[in-house]
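Note that the structure is a prediction, hence the values are computed from the model and not measured.
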Amino acid sequence: MAKPKGYSLIQIILHWVIAALVIFQLLVNEDVQHAFADRLDGEAMDELGGALLHVSVGVTILVLAAIRLGIRVVRGAPAPYQDTPAILNWLGHATHVLLYGFLFFMPLTGAIAWFFAVEFSAALHEIGRLVLVPTIGFHVIGALAEHFVFRNDTLRRMLRATAD
Ligand code: HEM
Ligand code: HEM
């Protein structure tokens, strides 16, 4: 895979927009839980507006993640800094793979639950949250450690674009 010097502007915008939308989804899901429970019970869905907000933001994440992964495959991503211990670079890479996985796993399990009323898929969606939240925490700690402990450009390169 190609190893450009940094991320492109579109990669950076997609990273931060997706991050904001994922955090929104983790915080705003009360209505969709109520509406989904009503739906399974065959009752009228009172919180439909809030539920549809969660559904549409979630589907948006799926589309943006697909675009982002496509760009990642074509353009690549910068190599990790060699001064960071190899084990930490490996952990960073594994975290990124896991996060990409969640960007597909969460919308897909949510969509199967919502559109086909599949309870098992809703359970997977909920378990997904339990793993996703610590993974994001680990990712943020890693980014801050690169910046403040290893004092390299890892955080800055997700803020400033490079042409190649
Ligand atoms: C990255 C995208 C998404 C994230 C991070 C996310 C996150 C969440 C979270 C944290 C919950 C509460 C789980 C719980 O504690 O019970 C939830 C519930 C739910 N979400 Fe999502 N969601 C995403 C995308 C979607 C999409 C695209 C749909 C549907 C098309 C969806 C449908 C649902 C449904 C139906 C529930 C209720 C499940 C239940 O109460 O058992 N989600 N979501
Ligand atoms: C909340 C949801 C988030 C998700 C799903 C997410 C996901 C990802 C993924 C998949 C990558 C790998 C990019 C690639 O190589 O294609 C990445 C990189 C990065 N993320 Fe996040 N991220 C999130 C939040 C954050 C936050 C809050 C920060 C800031 C502290 C952050 C800082 C970074 C940095 C600095 C990189 C670049 C790492 C490098 O160049 O080696 N991310 N993120």
Side-chain angles (χ1 to χ4, degrees), residues 1-2 4 6-78 80 91-144 154-162:
M1 192 163 289
Y7 292 98
S8 66
L9 184 60
I10 183 73
Q11 283 178 304
I12 293 173
I13 291 173
L14 284 171
H15 175 271
W16 293 112
V17 169
I18 292 173
L21 294 180
V22 168
I23 290 167
F24 177 86
Q25 290 296 83
L26 291 171
L27 297 174
V28 183
N29 51 56
E30 282 277 307
D31 285 357
V32 75
Q33 290 189 54
H34 289 296
F36 186 65
D38 287 345
R39 175 147 185 234
L40 291 181
D41 294 342
E43 292 169 14
M45 290 185 272
D46 292 335
E47 291 93 350
L48 191 58
L52 290 181
L53 180 64
H54 184 88
V55 168
S56 43
V57 171
V59 171
T60 305
I61 292 173
L62 179 65
V63 173
L64 295 180
I67 295 172
R68 179 173 171 188
L69 193 59
I71 296 173
R72 172 78 161 76
V73 168
V74 174
R75 186 178 186 275
L91 278 174
H93 181 71
T95 307
H96 294 164
V97 171
L98 202 58
L99 286 171
Y100 269 118
F102 275 114
L103 294 179
F104 294 92
F105 179 83
M106 290 305 282
L108 290 175
T109 51
I112 292 168
W114 179 257
F115 293 113
F116 304 105
V118 180
E119 237 173 316
F120 176 67
S121 197
L124 290 179
H125 198 66
E126 194 177 333
I127 294 167
R129 176 194 63 140
L130 298 177
V131 186
L132 174 60
V133 172
T135 307
I136 293 173
F138 190 70
H139 178 62
V140 172
I141 291 169
L144 296 178
T154 301
L155 186 55
R156 273 187 292 260
R157 73 187 182 186
M158 202 33 116
L159 297 166
R160 224 180 288 135
T162 51

Non-hydrogen side-chain atoms of I18 and L103 separated by less than 4.5 Å: yes
T154 side, atom OG1; L144 side, atom CG - distance, nearest 0.5 Å: 11.0 Å
Side-chain heavy atoms of T109 within contact of V118, under 4.5 Å: no
Nearest heavy atoms of A117 and L40, plus distance in Å: O-CD2, 3.9 Å
Ring geometry between H15 and H139 (parallel below 30°, tilted from 30 to 60°, perpendicular above 60°): tilted
Side chain D41, main chain D38, donor-acceptor under 3.5 Å: no
All side chain to side chain donor-acceptor pair (under 3.5 Å) counterparts of T95, not counting sequence neighbours: none
pair L99-L132: side-chain heavy atoms closer than 4.5 Å: yes
Residue pair I136 / L26, side-chain heavy-atom distance below 4.5 Å: yes
Set of salt bridge (charged side-chain N to carboxylate O under 4.0 Å, His left out) partners for R156, sequence neighbours left out: D153
Option passing side chain to side chain contact (heavy atoms under 4.5 Å, CB included) with I61 (candidates M106, Q25, R68): Q25
Over all atoms of both residues, closest heavy-atom pair of A122 and A113: N-CB, 3.6 Å
Rounded distance (nearest 0.5 Å) linking atom CG of L108 with atom NE2 of H125: 10.5 Å
Close side-chain approach of W114 to H54, heavy-atom, < 4.5 Å: no
Close side-chain approach of F115 to V55, heavy-atom, < 4.5 Å: yes
Nearest heavy-atom neighbours spanning I112 and S121: CB-OG, 3.5 Å
Any donor-acceptor N or O pair under 3.5 Å, side chains R75, Q11: yes
Heavy-atom closest contact (A77 atom, Y7 atom, distance): CB-CE2, 3.8 Å
Residues which pass side-chain contact (heavy atoms from CB on, under 4.5 Å) with T60, listed by chain and number, not counting sequence neighbours: L21, L64
Closest approach of P107 to L62 (non-hydrogen atoms, all atoms of both residues): CB-CB, 3.8 Å
Closest heavy-atom pair and its distance - L124, F105: O-CE2, 3.6 Å
CD/E119: more than 12 non-hydrogen atoms of other groups inside 6.0 Å: no
Any M158 side-chain heavy atom under 4.5 Å of I12 side chain: yes
Heavy-atom side-chain contact between V22 and F102 under 4.5 Å: no
Gap separating the CZ atom of R157 from the CG atom of L155, nearest 0.5 angstrom: 10.5 Å
Residues, nucleotides or ligands: over 12 heavy atoms within 6.0 Å of F138 CZ: no
